[in-house]
Amino acid sequence: MPTAGPSAAPLLRSGARAGTIIVWIGGPITAGGGASTPANRMSSIASRDLGLTEKNYAASTATVSNGLVTRCYAARDDKSYDHNQVAYVALAGGLEDPVSALPTVIYKARDAVNECRKAFPSARIIWAAGPGSLAGMDDTQLADSTTIVSAILGQARQAGALAVNLRTVLGTDTSMQSSGILPNDVGHEALAEAIVEAIEDDRAEPVDTPITPTRNYSSGLTDWASRQVEATRKREAEKREANRPTGTELGGVTQKLDELTQQQGVQQVLLEQQQDELDEHQQELEQQQQKLQSQQNQLTQHQQELEVQQKSLKTAQDAIQKAQEQLAKIVGDQGDQVNTLKTLTESLRTTDEKIDTVQRTLWENQQKLDNRIDKLAERVQKLENGTSA
């Protein structure tokens, strides 16, 4: 039997609510995927059976982990009707989400309830988890879907919402499958019946309260479809009756044990995922340490190369210094030689000056001597001339 949770809204009987509107929020199945017409989708059928006006905000791309809360915002922001007239808000989804997104599914499922409760304070929140077909899923996918649906139902119960497990309604029956997880018209019919019956149970109405179908099937499917619907009703009624508390409340205890088992399964998967993440982080850490060690080795090698280069540089510097000293000595020697040359040059200049002086003196003396010789010659000539006379 679905679990009815507490709510601040006034109750008529148990989980019943006053109001004329039911709001639907979900993914491709809630949007009508697989149904032949919008009128044959799960939400429209259930709304008609409940006598409520449907407001559908589902999106074909929305999943619990990505998009469902956004659709809650879309419903919240639609002010075209009185939100106090909303009797129920039905959240649906789960089969589209991979088990790798389990942590996100958990808090998004809870956030969706909280957002809808704020947007529609008088409404009873319903979490219809796992609508769709399981046909074609392998064992791993079936196990993963069980984990996802159990996690959603657990969050729904904790948040005080009506938790409805739709995962096994269609099961692997291909006669109710359109494609993938999408149900055909008969599948939508079966899902709608399960939701309606859960709401009726939540209202504390008798199990055998008849639900009069308001939809018609095509003539070729009338008998077969009717048998399918009746068989589905009978299975759901038998399950509810089996879980109905007895005087010893054995059914209630069984339900609580089932819920506990489901939550333990979810926690086990979460622990395994956390362990996988821890292992991955450990591997990343080891890789980083190896990379760091490699960088450390490279740094050591670079330091050794630097030391060799520093030694080479020191040798070169010593050689340069020695060459500079030799050059300084050569330059110093050249300076002494230059000074000596300067002294010699000065001596030569002085000697030249002295030679010039001597030459001038000799020339002057030669001139004087020549004059005297000339005068003596004149006298001799005069003497010779005088003697002749």
Side-chain angles (χ1 to χ4, degrees), residues 1-27 29-31 41-59 62-94 104-131 151-166 192 194-205 259:
M1 178 174 129
T3 302
S7 174
L11 300 179
L12 297 181
R13 285 186 297 169
S14 184
R17 290 295 190 277
T20 60
I21 298 172
I22 181 170
V23 169
W24 294 85
I25 298 171
I29 295 175
T30 313
R41 65 186 177 185
M42 169 185 71
S43 61
S44 298
I45 296 171
S47 299
R48 289 196 301 269
D49 281 354
L50 293 168
L52 300 172
T53 300
E54 176 187 6
K55 298 290 183 179
N56 194 309
Y57 299 93
T63 63
V64 179
S65 58
N66 184 19
L68 188 73
V69 175
T70 302
R71 304 317 303 158
C72 294
Y73 296 154
R76 174 199 64 190
D77 296 338
D78 186 355
K79 304 300 183 182
S80 63
Y81 57 94
D82 185 2
H83 286 194
N84 289 321
Q85 287 299 310
V86 176
Y88 296 96
V89 175
L91 298 163
T104 305
V105 168
I106 289 174
Y107 75 79
K108 290 288 187 179
R110 182 174 58 250
D111 287 350
V113 174
N114 294 335
E115 291 299 328
C116 290
R117 185 162 286 148
K118 287 187 292 184
F120 306 99
S122 301
R124 176 74 160 121
I125 309 299
I126 303 165
W127 233 124
I152 294 172
L153 295 174
Q155 293 303 307
R157 296 184 188 102
Q158 291 180 22
L162 173 61
V164 183
N165 186 352
L166 297 182
I195 293 174
V196 169
E197 289 174 358
I199 292 175
E200 294 295 343
D201 281 350
D202 190 51
R203 289 174 175 174
E205 294 181 359
E259 294 172 4

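Just the heavy atoms: all of them, side chains too, but no hydrogens, waters or symmetry mates, feed the values below. FYI, the numbering just counts along the sequence from 1.
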Interatomic distance, [X] atom [atom1] to [Y] atom [atom2] [nearest 0.5 angstrom]:
X: Ile152; Y: Asn165; atom1: CD1; atom2: CG; answer: 10.0 Å
X: Thr63; Y: Leu68; atom1: OG1; atom2: CG; answer: 8.0 Å
X: Phe120; Y: Cys72; atom1: CZ; atom2: SG; answer: 8.5 Å
X: Lys108; Y: Gln155; atom1: NZ; atom2: CD; answer: 13.5 Å
X: Leu162; Y: Leu91; atom1: CG; atom2: CG; answer: 11.0 Å
X: Arg48; Y: Ile22; atom1: CZ; atom2: CD1; answer: 12.5 Å

If you take all heavy atoms of [X] and [Y], which pair is closest and at what distance?
X: Ala129; Y: Leu153; value: CB-CD2, 3.7 Å
X: Ala161; Y: Arg117; value: N-NH2, 4.2 Å
X: Val64; Y: Gly93; value: CG2-C, 3.8 Å
X: Asn84; Y: Pro121; value: OD1-CG, 3.9 Å
X: Ala31; Y: Arg41; value: O-NH1, 3.3 Å
X: Ala198; Y: Val164; value: CB-CG2, 3.6 Å

Minimum side-chain heavy-atom gap [X]-[Y] below 4.5 Å:
X: Gln85; Y: Thr53; answer: no
X: Glu200; Y: Leu50; answer: yes
X: Ser122; Y: Val86; answer: no
X: Glu115; Y: Arg76; answer: yes

Which residues pass the side-chain hydrogen bond (donor to acceptor under 3.5 Å, both in side chains) test with Ser47, sequence neighbours left out?
-> Trp24
Check for a donor-acceptor pair, side chain of [X] on one end and backbone N or O of [Y] on the other, with a separation under 3.5 Å.
X: Arg71; Y: Ala58; answer: no
X: Trp127; Y: Ala109; answer: yes
X: Arg124; Y: Asp202; answer: no

Got more than 12 heavy atoms from elsewhere within 6.0 Å of CG, Asp111?
->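 Counting neighbours around CG of Asp111, more than 12 heavy atoms of other residues, nucleotides or ligands fall under 6.0 Å, so yes.
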Are Lys55 and Asp78 within salt-bridge range, i.e. N to O under 4.0 Å?
->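 No.
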For Tyr81, all residues meeting ring pair (Phe, Tyr, Trp, His ring centres under 6.0 Å), sequence neighbours excluded |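 Tyr81 satisfies ring pair (Phe, Tyr, Trp, His ring centres under 6.0 Å) with His83 only.
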